[in-house]
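Worksheet for the structure shown next.
Every chain is numbered from 1, with letters handed out A, B, ... down the list of sequences.
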Amino acid sequence: MAKVLTPQAEDFPRWYQDVVAKADLAENGPVRGTMVIKPWGYAIWELLQAEIDRRIKQAGAKNAYFPLFIPESFLKKEAQHVEGFSPELAVVTHGGGEELAEPVVVRPTSETVINHLFAKWVQSHRDLPLLINQWANVVRWELRPRLFLRTSEFLWQEGHTCHATRDEAQAYALRILADVYADTMYSVLGVPILVGRKPEDEKFAGADATYTCEGIMVDGKALQMGTSHELGQNFAKAFGITFQSAEGGAAEHVWQTSWGASTRLIGALIMCHGDDDGLRLPPLVAPAQVVVLVVRDEGDVAGAAADLSRRLADAGLRVELDDKVATSFGRRSTDWELKGVPVRVEVGPRDLAEGLVTVKRRVGRVVEQVPLANVLEAVCVALELAEQDLVTEATLRREQATVETSTLDEALEAARTGVARVSWDLVRDQPLGGGVTVRCLQRPDGGIPLAADEPDMVAFLARAY
RNA sequence: CGGGGAGUGGCGCAGCGGUAGCGCACCUGCUUUGGGGGCAGGCGGUCGGGGGUUCGAAUCCCCCCUCCCCGACCA
């Protein structure tokens, strides 16, 4: 196998850049920090998006769309929020050749503009809960961009909800975390995650509590893949979102949540499953689940390959037919491998003479000769196993990367190369350094702490992207 | 903003006073095709910008700009 990529062990960040480029996922835009998502990368995003969208709707939220431009004054209405986002705002000061009376910011997130509207939409307890989601791009002027992981503009979904009580809002924030994020990450992306609560100083700007899904990458670093926030009544008070309860009486402020997951998930996919030969895609988000390759255009090989790809497509699989024999077979194999297609079916004259084709799995490099009649079944089994193997491998790796520690020094040492599990009481208010941060807090039994001051919490320390 | 480095065909780089080169990619043709094939021919650059030194500047000097890497911030 020709080495096309910088090996992970040699230089992981460079390996990442190589994969993004060679698998044709994305490239830099002309403005620093911007990203061009190329067809292969975008197709992955669309599949991921569809999965998340389905779960969001299942949780009762409806899609809507709010403006890209937000009056600058809106951002300033919630004190923590403006403090958190000011440094990374893109601000438009001119329009139509004139200086604007009030500058508008390009949304870094949409709490402010959405809550402005919510104040009008919510009047009665009958309007609650209000469950809204939007798919959009947002802009945060990043100092150190990295394709998919941290770009100045990125695509995401952001959910925003209003509830009558704190308990209901909390339950909904946790429901999204579990049913939408954790479930998609685990059962669709095959990425094992740590689910927990962010310490107070790592909360979303303006939130009472932030819950997070932290993925563990091949190099032992953590990546925040999705967050769900309890906003309390902070924005409700800043924007005047009130309702009258069934009992009547004075207007009350609603209790809110917001939650988001972005194109960063693609970065997680790359860094969690990729190997020295490229991407390895879980079948559910593979733009092509199977590629049928014409090894050599001899006799009826091309016809047989075309028939085969049609049969697989008819069975509901996403299939790509590669009959571009002008390019060498080795080159094409390498390219599909870089792109991470889970299963390849190779149709060549030698095998075909015996009524066989070769089925190769990207994960585990399993190769088998299969009679033409059994290809569909063999491919389905291979896809099933591909999914399982990816999860098993990644889960094992996360377990190996996670170290139980009993002192802060031990934890910091372990967090230099992986994840340290340590008592929160040993970490609280201590300086960490070395790029190590508290990724999340859990209860001793792995549950999610519902209050910031729960006793006996466990902290997970790691370096992060 | 602090510390380091780099700007030369699409990409990666060499050249460091004497007419702009290499690898990859791309185009044409032949040959090949079971893991990035081979051969031949070809397209493509006012060497980041401005000023200066010199008979002569990609190369030396001055100013400016941009980008990358390491930190602080971050979905």
Side-chain angles (χ1 to χ4, degrees), chain A residues 1-6 11 13-14 17-18 21-22 27-28 30-33 35 83-89 107-111 136-146 148-159 181 198 201-205 207 210 212-215 222-229 258-268 277-278 293-298 301-302 322-338 344-353 356-358 360 362 365 367 369 432-435 437 463-465:
Chain A
M1 189 84 43
K3 281 285 162 267
V4 187
L5 305 171
T6 305
D11 185 343
R14 190 155 163 210
Q17 287 186 318
D18 284 356
K22 301 250 175 168
E27 62 184 71
N28 287 310
V31 172
R32 178 184 159 75
M35 169 170 63
E83 193 187 321
F85 281 102
S86 292
E88 47 190 14
L89 290 180
R107 63 180 165 222
T109 177
S110 302
E111 271 76 8
N137 58 339
V138 287
V139 169
R140 300 178 187 179
W141 216 257
E142 294 293 348
L143 303 175
R144 277 187 57 197
R146 273 245 258 155
F148 290 116
L149 300 177
R150 195 188 304 109
T151 47
S152 291
E153 177 192 6
F154 56 90
L155 305 182
W156 77 344
Q157 64 59 223
E158 49 179 322
Y181 297 151
K198 284 287 186 189
D201 57 350
E202 301 267 351
K203 285 186 311 191
F204 173 76
T210 289
T212 182
C213 292
E214 302 280 321
L223 180 69
Q224 184 171 308
M225 295 172 63
T227 47
S228 185
H229 317 288
S258 72
W259 24 279
S262 71
T263 35
R264 176 181 270 187
L265 289 171
I266 296 175
D277 296 313
L293 285 115
V294 175
V295 176
R296 289 165 41 169
D297 189 11
E298 245 177 65
V301 169
D322 182 351
D323 55 2
K324 297 179 182 60
V325 290
T327 304
S328 77
F329 172 76
R331 178 49 173 258
R332 289 180 288 138
S333 299
T334 308
D335 283 345
W336 290 116
E337 203 142 83
L338 281 165
R344 300 199 300 281
V345 178
E346 300 174 356
V347 186
R350 286 214 294 266
D351 288 348
L352 202 58
L356 300 173
V357 296
T358 301
K360 290 185 177 171
R362 176 69 177 80
R365 306 209 151 284
V367 179
Q369 308 290 117
L432 299 178
T437 51
R463 293 163 307 147
Y465 280 96

Is the aromatic ring of A/Phe154 within stacking range of B/rA75, meaning centres under 5.5 angstrom and planes under 30 degrees?
-> yes
Expressed in whole Å, how much space separates the C1' atoms belonging to B/rA58 and B/rA20?
-> 8 Å
Whole-angstrom distance between B/rC16 and B/rG56, as gauged at atom C1' = 16 Å
Euclidean distance, A/Glu111 CD relative to A/Phe204 CZ, rounded to 0.5 Å | 3.5 Å
Assess whether one donor atom and one acceptor atom, taken from the side chain of [X] and the base of [N], lie less than 3.5 Å apart.
X        : N      : answer
A/Arg150 : B/rC74 : yes
A/Arg344 : B/rG35 : yes
A/Lys360 : B/rG34 : no

For B/rA75, does OP1 or OP2 lie under 4.0 Å from any side-chain N or O of A/Ser262?
-> no
Using 4.0 Å as the upper bound for N to carboxylate O, is an ion pair formed by A/Glu337 and A/Arg365?
-> yes
Are the charged groups of A/Lys198 and A/Glu214 less than 4.0 angstrom apart, N to O?
-> yes
Tell me what A/Pro13 touches on the nucleic acid: a base, only sugar-phosphate, or nothing, going by heavy atoms under 4.0 Å.
-> nothing
Heavy atoms under 4.0 Å, any strand shown: does A/Lys22 hit a base, just sugar-phosphate, or nothing?
-> base
